[in-house]
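Each chain gets a letter, A, B and so on, in the order its sequence line appears, and its residues count up from 1.
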Amino acid sequence: MTVLKNVSFDLMRGDYLCVVGENGAGKSTLIKCLAGLKKPAEGSIERSREISRRDVGYLPQQTAIQRDFPASVREVVISGCLNNDRLLPFYNKSDRMRADKYMGELGITHLAGRSYRELSGGQQQRVLLARALCASGKLLILDEPVTGLDPIVTGEIYSIIKEINRKHHTTVIMVSHDVNTAVKSANKILQVKNTVQFCGSTEDYLKSAVGKAFIGG
Amino acid sequence: MFEMFSYPFIIRALVVGTLVSLCSALLGVNLVLKRYSMIGDGLSHVAFSAMAVATVMNWAPLTVAIPVVIAASFLLLRLSAGGRMKGDSAIALVSTGALAIGIFIISMRSGINTDINNYMFGSVLAISKYDVVFSVVLSLVVLGLYIVFYNQIFAVTFDEPFAKATGIRVDFYNMLISVLTAITIVLGMRMIGALLISSLIIFPAMSSMRVFKSFRSVVICSAVISVVCFLAGLMISYQYSAPTGASVVIINIAVFAVFCAVDYIKAKAK
């Protein structure tokens with residue numbers, strides 16, 4: 001079954017794209033295609049030569065497995081480095097420095113030795129963000145990063161993502177059902193419902209009929 | 001007590017058992033976390049049938065069983081990864097199906113009950129000199145590959161979508177895990193028995209997860225538990241002339257109870 005048809009959009013380096021839409025509109029399918037987890041039924045996703053598969057940092061929705069998985073924060077974060085080219089399959093010094101750097105940036109250095117499963121939801125998302133950054137600082141694909149978090153923590157996570165986008169010129173593609181907050185940080189909006197309903201800059205979206213209806217409703 | 005080590009068959013069991021316990025403990029952590037706890041059970045039934053056929057045809061049991069079980073292990077992963085069947089029902093299908101075929105073939109020939117009994121419940125006497133060489137080499141291969149790809153195996157177990165999205169060869173590592181598991185099961189079931197081999201995979205991992213919080217400490221602890229339980233079980237089985245497999249599992253149950261108690265006390269103390 002095709003959930004989403006005729007989607008096409010361009011992104012430039014440093015863009016922050018938010019994909020919005022109702023439940024079942026095809027947001028997750030789109031993001032999975034972009035992350036390379038699913039193949040589109042027709043058409044293709046082309047990446048510029050600057051962005052290879054190894055330049056993708058991904059923040060998936062949490063799985064049941066992770067809830068009782070014994071792993072320290074450091075182990076989780078550094079596992080993001082594995083996609084870099086290496087001679088030996090083990091971690092090297094630059095991997096460890098990379099992990100330390102991003103743990104510091106996300107304010108989780110003091111949690112490094114703690115067990116991932118014992119952290120709060122917001123702390124867990126920070127850990128997964130640090131891991132995504134270890135994988136790549138070029139493109140971040142975020143699948144509903146604030147699901148199940150309280151409003152305060154949600155705000156914190158959004159501002160962290162915005163900060164990463166600004167500081168490192170990281171391209172961000174985020175799926176969210178929380179439009180109101182999303183439009184505040186994204187510079188581009190893609191609204192889908194089985195097909196593209198809106199694609200363009202955030203200012204245009206706020207003026208458009210589709211945007212007004214979705215935000216107001 | 002120590003005269004037991006003067007018997008060559010005990011030494012053989014000691015060497016093979018220690019290595020197989022190590023392998024199963026390491027892989028067990030990943031299998032339990034990936035919700036594949038019962039894969040050992042399924043694969044051991046397949047191994048049982050393969051060995052039964054080999055016995056009837058007068059082939060070497062291990063050489064027949066290993067490729068067959070590796071194939072079954074691929075099939076299981078395919079079936080459950082394809083999403084058309086849930087993991088547990090796929091395992092149940094393969095395991096009972098294989099068992100039925102095995103039983104049917106055995107009934108065609110009479111007079112091989114000792115072998116069949118050994119495959120079911122395990123026996124230290126079942127390990128021949130040829131088996132020792134074969135088992136030692138294969139378990140060293142399993143241990144080596146696990147250690148070399150430890151980080152990748154962790155990444156794939158913890159978060160498969162992330163690993164895949166960031167360009168790690170997820171299919172390769174899943175295949176690797178299933179091949180290593182298949183080999184471990186076949187090597188272990190000679191001694192522990194087809195019915196009990198799952199416990200060798202599950203118990204050490206479950207015990208260490210009770211107390212330890214990081215992946216590395218869980219893996220190391222479960223390797224230690226597994227080897228210690230095996231050695232204790234072997235001694236007990238010698239002392240009371242009990243089957244080795246059952247003795248090892250009983251020790252594992254005791255260790256699990258102790259670790260649960262430690263976890264409980266630690267939680268209370270907080």
What distance do [X] atom [atom1] and [Y] atom [atom2] have between them, rounded to the nearest 0.5 Å?
| X | Y | atom1 | atom2 | value |
| --- | --- | --- | --- | --- |
| A:Ser79 | B:Ile153 | OG | CD1 | 13.5 Å |
| B:Lys164 | A:Asn83 | NZ | CG | 15.5 Å |
| B:Asp159 | A:Ile65 | CG | CD1 | 9.0 Å |

Could you please state which residues from residues 148-169 of chain A sit under 4.5 angstrom from chain B, measuring non-hydrogen atom to non-hydrogen atom, sorted by number, or 'none'?
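When heavy atoms of chain B are the reference, residues 148-169 of chain A contributes no residue within the under-4.5 Å range.
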
List the atom of [X], the atom of [Y], and the distance in Å for their closest heavy-atom pair.
| X | Y | value |
| --- | --- | --- |
| A:Leu37 | B:Pro161 | CD2-O, 3.5 Å |
| A:Phe90 | B:Ile147 | CE2-O, 3.5 Å |
| A:Val56 | B:Thr166 | O-CG2, 3.1 Å |
| A:Asp68 | B:Leu33 | O-CD2, 4.3 Å |

Quick one: what part of [X] sits under 4.5 Å from any heavy atom of chain B, side chain, backbone, both or neither?
| X | value |
| --- | --- |
| A:Arg114 | neither |
| A:Gln62 | neither |
| A:Val73 | neither |

Evaluation steps, ring pair (Phe, Tyr, Trp, His ring centres under 6.0 Å), between B:Phe158 and A:Tyr116
CA-CA 11 Å; B:Phe158 180 73; A:Tyr116 174 80; 5.4 Å; yes

Most heavy-atom pairs under 4.5 angstrom with chain B, which of A:Ser136, A:Pro89, A:Ser115?
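Sorted descending by pairs with chain B, the first entry is A:Pro89.
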
Main chain of B:Phe215, side chain of A:Glu75: is a donor-acceptor contact present, judged purely on distance under 3.5 Å?
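Yes; judged by distance alone, with no hydrogens or angles, the pair exists.
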
Which atoms of [X] approach chain A - backbone, side chain, both or neither, heavy atom under 4.5 Å:
| X | result |
| --- | --- |
| B:Ser208 | neither |
| B:Tyr150 | side chain |
| B:Val148 | both |

Would the number of heavy atoms belonging to other residues, nucleotides or ligands and lying under 6.0 Å from CZ of B:Phe172 be above 12?
yes

Within 6.0 Å of CE in B:Met209, more than 12 heavy atoms from elsewhere
yes

Between B:Lys213 and A:Pro70, is any pair of side-chain heavy atoms under 4.5 Å apart?
no

Of the listed B:Glu160, B:Arg35, B:Lys34, B:Arg216, the one with the largest count of heavy-atom pairs under 4.5 Å with chain A is B:Arg35

In sequence, state the C-alpha distance, the side-chain angles, and the governing distance for B:Phe162 and A:Tyr58, and then conclude on ring pair (Phe, Tyr, Trp, His ring centres under 6.0 Å).
CA-CA 6 Å; B:Phe162 175 83; A:Tyr58 180 52; 7.1 Å; no

